[in-house]
Visitor: 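Before I ask anything, here is the structure I am working with.
On a predicted model such as this, the values are computed, not experimentally measured, just so you know.
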Amino acid sequence: AATVASAAMASALVVVLTASSRGYSSRDALVGAAAPVRTQTRAAFATGRSSPSARAQTMPLCKRVATSTRATQSDYWMREKAAGIVQEKDNVLEFQNMDAAFWNDIIRRDPRGLPEDVGNGVSTAAQNLQAILSEPVNGPRLLSMAFELDPMPWWTFSDLYMRLNILKEFGQRTGEVNALLIDDGVDFLAENIDLGPNWVISKMSNRDVDLSMCKHLFVYGVDISHPVTLEYCRRQSMKTKSSDLVCINCDFGYIGEPDPRAVRANAKEYYTGGMDTVDFLLFPVHKLDEEVRGSSADLQDGEVLAYPMPQWMKEAGYKGTGNLAVTGCSGTGKSSFMNAMRGIDSADQGAAQVGNVETTMVATPYTFTDAACQLMEDEGIKCSGQEHFRLWDLPGAGTPKFPLNSYLRVMGIKYFDLVVVIAAGRYTETDLTLMKEMARNNVPFFAVRTKIDLEIENAEWDMGLSPDETKQIIRDDLKANTGLPDDRIFLVSSREPDQHDMPALKRSMNQLLQQGLENKVDRALRRKLFVRRYFNTLVNVEDFKHADA
């Protein structure tokens, strides 16, 4: 559990790593002067789907990717830099599921081959940039562009690549010739993108570049925290027709230090047409889900309850996975059920801890093993992409540490794609109340009766009933007490994972998890880019890093 928790906490660091890395700064150049793409084929929990190619043919046209627009190894989602990040962070669960074929089968792309969320963001940013630079001003202006983007698992392109697509569309919209000077530490040629004939591109240290035909000067990734660098940028921008300077992902330094403070003072003097910052914001998926599920009509003491997503769920890769929760009272065999679903024994490494008392004290995530996938294949179900599903072993509800009245909020029940409520006998009042609350909040859930092998043995010994008769009696009792239909009630034995209702349970679980994952991807793809503008100020790009975390 500690290993999984550490890996989950480390996944939060990947967001920071998506920023472009620079070598030496442009200021150093002025005063003195990938890793192979790794693809992984992952096994998944019993998908029950046809092959990706066959499935693509049955998809709606909006979800299909035409062969001509499919990304290749030289395209954006196989960027060398992204591959390097994955190799350096092998234990980060969130980015282990970069199975290109898997995501390529799910995500929608625009005619440029960009994922729908990226394509919409690029067009929105280019449109707003055009509107801002078209505003009439009295004198040259300085515009700083900052980005707050929540990267998705299929975003394996570099920081620079998306910005270049914005500039490419901006040039196509305006038809004007502009200049782009890139920090000397940035490998522009590795991006393999043609901005078109409307752009003059050069390194920042190139003093002799001809900018006389350019309307605006754009600079990327430059450290402008020293007045010397700002003066150089100003002189270069004065060679253009507008004398405007647009800074993308530039560092202006901490305003409390002398040099950055002098930079801002000089910028106000130089750029009399305005000194503004425009921030492009793409809300994280978990924030979108919290807007829908983040409160409830359930009332306690006359107050509407808030249901924020638990931090541990965000850190475990919520946005790129289907999540299944297993809950129930102590002694019902939750951990044994988890191990049986994953195809391992309690003594195996990585198995859920088994005991006669409550052994699960924190929400613990697990992934499906190769052994579990092999069991699925034995049942005639294709397996692919095991890292795309998470199984969460949750502490039982109704205990002093986890009282029922706060269980849904503390455990983030509303954010799971499926919840399995385990019982080894009749469901308790706590279980039934939990089911009622999940039904009221539209949370999919199954009722699973464990240890059915013991019930069959006892009924045969005591009453001479056959296994089918015993299971029918138990099933009827569960239907009467829970109000659930047959297709949401399952009788299983962790000792006999290939018998009773376990195979049907696996198929139904997989269907809902896959559906939950695809719905989550759909919400992510439909995200809109928001634009926030700050007048008469230069905000350092680092200041936005945790603004909406």
Visitor: Show me the pairs that pass ring-ring contact (aromatic ring centres under 6.0 Å, His included) and involve residues 503-526, at least two apart or across chains.
Guide: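 Those involving residues 503-526 do not exist here.
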
Visitor: Only pairs at least two apart or in different chains count here, so list each ring-ring contact (aromatic ring centres under 6.0 Å, His included) that has a residue in residues 469-493.
Guide: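 Sorted pair list: F446-F490.
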
Visitor: Would you say that L491 contacts M502 through its side chain, given a criterion of any heavy-atom pair below 4.5 Å between the two side chains?
Guide: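 No - every pair of side-chain heavy atoms lies 4.5 Å or more apart.
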
Visitor: Using the side-chain contact (heavy atoms from CB on, under 4.5 Å) definition, which of the options V420, I422, T364, D393 pairs with M338?
Guide: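 That would be D393.
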
Visitor: Just how far is it from atom CG of L418 to atom CG of L324, taken to the nearest 0.5 Å?
Guide: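 Answer for the CG-CG pair, L418 versus L324, is 5.0 Å.
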
Visitor: For R526, what residues pass the side-chain contact (heavy atoms from CB on, under 4.5 Å) criterion, not counting sequence neighbours?
Guide: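 In terms of side-chain contact (heavy atoms from CB on, under 4.5 Å), with neighbours along the sequence ignored, R526 is linked to R108, E116, D522, R523.
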
Visitor: For the residue pair Y427 and V421, establish whether any side-chain heavy-atom pair is separated by less than 4.5 Å.
Guide: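 Yes. Closest side-chain heavy atoms under 4.5 Å.
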
Visitor: Would you check if there is a donor-acceptor pair between the side chains of Y407 and T327 at a distance under 3.5 Å?
Guide: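 Side chains of T327 and Y407: pair found under 3.5 Å.
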
Visitor: Minimum heavy-atom separation for P444 to L512, with atom names?
Guide: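 Smallest heavy-atom distance, with atoms named: CB-CD1, 4.4 Å.
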
Visitor: Between atom CD1 of I473 and atom CD of E455, what is the distance when rounded to the nearest 0.5 Å?
Guide: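 If we round to the nearest 0.5 Å, I473:CD1 and E455:CD are 10.5 Å apart.
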
Visitor: Is the side chain of K319 donor-acceptor paired with the backbone N or O of M152 at a distance under 3.5 Å, no angle test?
Guide: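 Such a contact is absent between K319 side chain and M152 backbone.
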
Visitor: Can E148 and F283 be said to form a side chain to side chain contact (heavy atoms under 4.5 Å, CB included), step by step?
Guide: CA-CA 8 Å; E148 296 177 82; F283 280 107; over 6 Å; no

Visitor: Do you know the tightest heavy-atom contact between A439 and F445?
Guide: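 Minimum heavy-atom contact is N-CE2, 3.9 Å.
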
Visitor: Tell me the closest heavy-atom pair linking F280 and A125, and the distance in Å.
Guide: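 Taking every non-hydrogen atom into account, CE2-CA, 3.7 Å.
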
Visitor: Report yes if the side chains of E429 and L432 come closer than 4.5 Å at any heavy-atom pair, otherwise no.
Guide: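 Answer no - side chains too far apart.
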
Visitor: Taking A424's backbone N and O only, do any of them form a donor-acceptor pair with R449's side chain (distance below 3.5 Å, no angle check)?
Guide: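 Between the backbone of A424 and the side chain of R449 there is a qualifying donor-acceptor contact (under 3.5 Å).
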
Visitor: So for atom CD, which belongs to Q499, do other residues, nucleotides or ligands contribute more than 12 heavy atoms lying within a distance under 6.0 Å?
Guide: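 Atom CD in Q499 is packed in, count exceeds 12.
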
Visitor: For the pair D417 (side chain) and N323 (backbone), establish whether a donor and an acceptor sit closer than 3.5 Å, ignoring hydrogens and angles.
Guide: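 Answer holds: yes.
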
Visitor: Is it the case that the side chain of N519 and the backbone of Q515 share a donor-acceptor pair, with hydrogens and angles ignored and the cut-off at 3.5 Å?
Guide: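 Side chain of N519 to backbone of Q515: a pair is present.
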
Visitor: Donor-acceptor pair, R532 side chain versus L281 backbone, under 3.5 Å?
Guide: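 The answer is no, because no donor-acceptor pair under 3.5 Å joins these two groups.
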
Visitor: Using atom types as modelled and distance alone, determine if a side-chain donor or acceptor of D110 lies under 3.5 Å from a backbone N or O of G113.
Guide: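 Indeed, once roles are kept as given, a pair shorter than 3.5 Å links the two residues.
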
Visitor: Give a yes or no on whether the backbone of A524 and the side-chain of R527 come within a donor-acceptor separation of less than 3.5 Å.
Guide: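 It does hold such a pair.
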
Visitor: Which value, rounded to the nearest 0.5 Å, describes the distance between T482 atom OG1 and D477 atom CG?
Guide: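 Here the rounded value is 9.0 Å.
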
Visitor: Distance to the ring centre below 6.0 angstrom and angle to the axis at most 45 degrees; does that hold for R163 and F147?
Guide: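 Flagged: R163 positioned over aromatic ring of F147.
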
Visitor: Salt bridge or not between K471 and D476? Use side-chain N to carboxylate O under 4.0 Å.
Guide: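 No.
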
Visitor: Are side-chain heavy atoms of L114 and R109 found at a separation under 4.5 Å?
Guide: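 No. Closest side-chain heavy atoms not under 4.5 Å.
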
Visitor: Report the C-alpha distance between L525 and N120 in whole Å, list the side-chain angles of each, state the deciding distance to 0.1 Å, and finish with yes or no for side chain to side chain contact (heavy atoms under 4.5 Å, CB included).
Guide: CA-CA 9 Å; L525 291 175; N120 290 337; over 6 Å; no

Visitor: Taking the side chain from N442 and the backbone from M438, do they hold a donor-acceptor pair closer than 3.5 Å?
Guide: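 Judged by distance alone, no pair lies under 3.5 Å.
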
Visitor: Report the distance from atom CZ of R488 to atom OG of S508, rounding to the nearest 0.5 Å.
Guide: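 One finds 11.0 Å between CZ of R488 and OG of S508.
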
Visitor: Rounded to the nearest 0.5 Å, what separation is found between the CG atom of L465 and the OG1 atom of T470?
Guide: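 Reported value, rounded in 0.5 Å steps: 4.5 Å.
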
Visitor: Side chain of N441, backbone of V443: donor and acceptor closer than 3.5 Å?
Guide: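 Pair absent, no side-chain N/O of N441 close to backbone of V443.
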
Visitor: Whether the T428 and D431 side chains hold a donor-acceptor pair (N or O, under 3.5 Å, no angle test) is what I'd like checked.
Guide: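 Looking only at side-chain atoms, D431 and T428 do form a donor-acceptor pair, the distance falling under 3.5 Å.
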
Visitor: Compute whether any side-chain donor of one residue and acceptor of the other, for E169 and S123, lie under 3.5 angstrom apart.
Guide: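 Yes, S123 and E169 have a side-chain donor paired with an acceptor closer than 3.5 Å.
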
Visitor: Is the shortest side-chain heavy-atom distance between Y366 and N339 below 4.5 Å?
Guide: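 Contact flag for Y366/N339 side chains = no.
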
Visitor: Any non-hydrogen side-chain atom of L282 less than 4.5 Å from a side-chain atom of F530?
Guide: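 No. Closest side-chain heavy atoms not under 4.5 Å.
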
Visitor: Can you check whether Q511 reaches R507 side chain to side chain, under 4.5 Å on heavy atoms?
Guide: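 Q511 does not reach R507 side chain to side chain.
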
Visitor: Are any side-chain N or O atoms of E469 and backbone N or O atoms of S466, one a donor and one an acceptor, separated by less than 3.5 Å?
Guide: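 Side chain of E469 to backbone of S466, a donor-acceptor pair under 3.5 Å: yes, one is there.
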
Visitor: Students often mix this up, so state it plainly: with edges at 30° and 60°, are the rings of W312 and W392 parallel, tilted or perpendicular?
Guide: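 Correct class here is tilted.
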
Visitor: Please test T124 against Q127 for side chain to side chain donor-acceptor pair (under 3.5 Å), starting from the C-alpha separation and ending with a verdict.
Guide: CA-CA 5 Å; T124 301; Q127 181 179 0; 5.6 Å; no

Visitor: Over 60° means perpendicular and under 30° means parallel, so classify the ring planes of Y415 and Y318, tilted if in between.
Guide: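 Taking Y415 first and then Y318, their aromatic rings stand perpendicular (interplane angle over 60°).
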
Visitor: Mind listing the closest non-hydrogen atom pair of L394 and A363 along with its distance?
Guide: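 In terms of heavy atoms, the two residues are closest at CD2-CB, 3.6 Å.
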
Visitor: When you compare the side chain of V118 with that of V122, does any pair of heavy atoms fall below 4.5 Å?
Guide: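 The answer is yes, as the side chains (C-beta and beyond) meet within the 4.5 Å cut-off.
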
